[in-house]
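By convention in this document, chain letters (A, B, ...) are assigned in the order of the sequence lines, proteins followed by strands, and residues within each chain are numbered from 1. All figures in this text were calculated on a predicted structure; none of them were measured in a lab.
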Amino acid sequence: SAVISQKPSRDICQRGTSLTIQCQVDSQVTMMFWYRQQPGQSLTLIATANQGSEATYESGFVIDKFPISRPNLTFSTLTVSNMSPEDSSIYLCSVWVGGKAFFGQGTRLTVV
Amino acid sequence: QQQVKQSPQSLIVQKGGISIINCAYENTAFDYFPWYQQFPGKGPALLIAIRPDVSEKKEGRFTISFNKSAKQFSLHIMDSQPGDSATYFCAAQDVDYKLSFGAGTTVTVRA
């Protein structure tokens, strides 16, 4: 398995500002993903963040809004830029270890 | 469009009863089907998973039934306990290891 730590666990932000979410894994992993879970909804994939390559974004998500860094095999950041209330969600990082996908506890973001 | 359809949206079961959640998919390229359990304020936790070459997998009180020809799979929770009250998500993984999730089922187990 994998232990995934996300920071911050929650935040309340003003509209128009940006927040950077950190994801730290206790082992080296190649494949890392960022998901969004809107209130009371399911999980939607934002992007794939594999080390050594540019992040690839799913339809409806763009790099200018959700820039991602993946500097090494244990760490990644997701920035939510120029936030609006519609960005209020839980943001989760996920990694594949041993043929299974594991998730962090998530970052609960509220934009006011 | 949602690639994995999940039902019911919610269910209530008595303690000791059986909870059944159903999922269906269209993309035949999916080759791994996990179920996640999520409690309020927590991230999804992997519960049990199956690959399409197996028709059934059981781990403790949790069983996945998989019907490849019908492109359907289901989760059975036997002897449901109040601690099982949570939201359950089915998912399907494609060749790029991306997961598509169902809409989720909120299970309430009454004591």
With clusters defined by side-chain heavy atoms of hydrophobic residues (ILVMFWY) lying less than 4.5 Å apart, directly or transitively, does [Y] cluster with [X]?
{"X": "A:Met83", "Y": "A:Ile46", "result": "yes"}
{"X": "B:Phe73", "Y": "B:Leu47", "result": "yes"}
{"X": "B:Phe62", "Y": "B:Ile50", "result": "yes"}
{"X": "A:Val3", "Y": "A:Phe102", "result": "no"}
{"X": "B:Val4", "Y": "B:Leu75", "result": "yes"}

From [atom1] ([X]) to [atom2] ([Y]), nearest 0.5 Å:
{"X": "B:Phe89", "Y": "A:Gln37", "atom1": "CZ", "atom2": "CD", "value": "5.0 Å"}
{"X": "A:Ser1", "Y": "B:Leu46", "atom1": "OG", "atom2": "CG", "value": "10.0 Å"}
{"X": "A:Ser42", "Y": "B:Tyr36", "atom1": "OG", "atom2": "OH", "value": "12.0 Å"}

Under the side chain to side chain donor-acceptor pair (under 3.5 Å) definition, can you give me all pairs with a residue in residues 42-57 of chain B, not counting sequence neighbours?
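Matches after skipping sequence neighbours: none remain.
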
According to the side chain to side chain donor-acceptor pair (under 3.5 Å) rule, which pairs have a member within residues 48-67 of chain A, sequence neighbours left out?
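Passing the test, one end in residues 48-67 of chain A: A:Glu58-B:Lys98, A:Lys65-A:Asp87.
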
Taking only heavy atoms into account, what residues of residues 17-35 of chain B are found under 4.5 Å from chain A?
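So far as heavy atoms go, B:Tyr32 are the residues that approach chain A to under 4.5 Å.
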
Centroid-centroid distance, B:Tyr97 to A:Phe33, less than 6.0 Å
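Centroid distance B:Tyr97-A:Phe33: not below 6.0 Å, so no.
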
Apply side-chain contact (heavy atoms from CB on, under 4.5 Å) to residues B:Gln93 and A:Trp96 and explain how you reach the verdict.
CA-CA 11 Å; B:Gln93 171 230 315; A:Trp96 279 84; 3.3 Å; yes

Against chain B, label A:Leu43 side chain, backbone, both or neither, depending on which of its atoms sit under 4.5 Å from a heavy atom there.
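For A:Leu43, backbone and side chain are both near chain B.
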
Enumerate by number any residue of residues 103-112 of chain A whose heavy atoms lie under 4.5 Å from heavy atoms of chain B; in the absence of such residues, state 'none'.
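When heavy atoms of chain B are the reference, residues 103-112 of chain A contributes A:Phe103, A:Gly104, A:Gln105, A:Arg108 within the under-4.5 Å range.
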
Within 6.0 angstrom of A:Arg15 CZ, more than 12 heavy atoms from elsewhere
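Atom CZ in A:Arg15 is not packed in, count stays at 12 or less.
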
CD of B:Glu59: more than 12 outside heavy atoms within 6.0 angstrom?
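Yes - once you tally the heavy atoms of other residues, nucleotides and ligands closer than 6.0 Å, there are more than 12.
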
Top contributor to chain A interface from B:Ala49, B:Gly102, B:Ala91 [non-hydrogen pairs under 4.5 Å]:
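Among B:Ala49, B:Gly102, B:Ala91, the one with the most close pairs to chain A is B:Gly102.
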
Please classify the contact of B:Gln6 with chain A as side chain, backbone, both or neither, using a heavy-atom distance under 4.5 Å.
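The answer is neither part of B:Gln6.
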
Minimum-distance pair of heavy atoms, taken over all atoms of A:Ala101 and B:Leu99
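Closest approach of A:Ala101 to B:Leu99: CB-CD1, 3.7 Å.
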
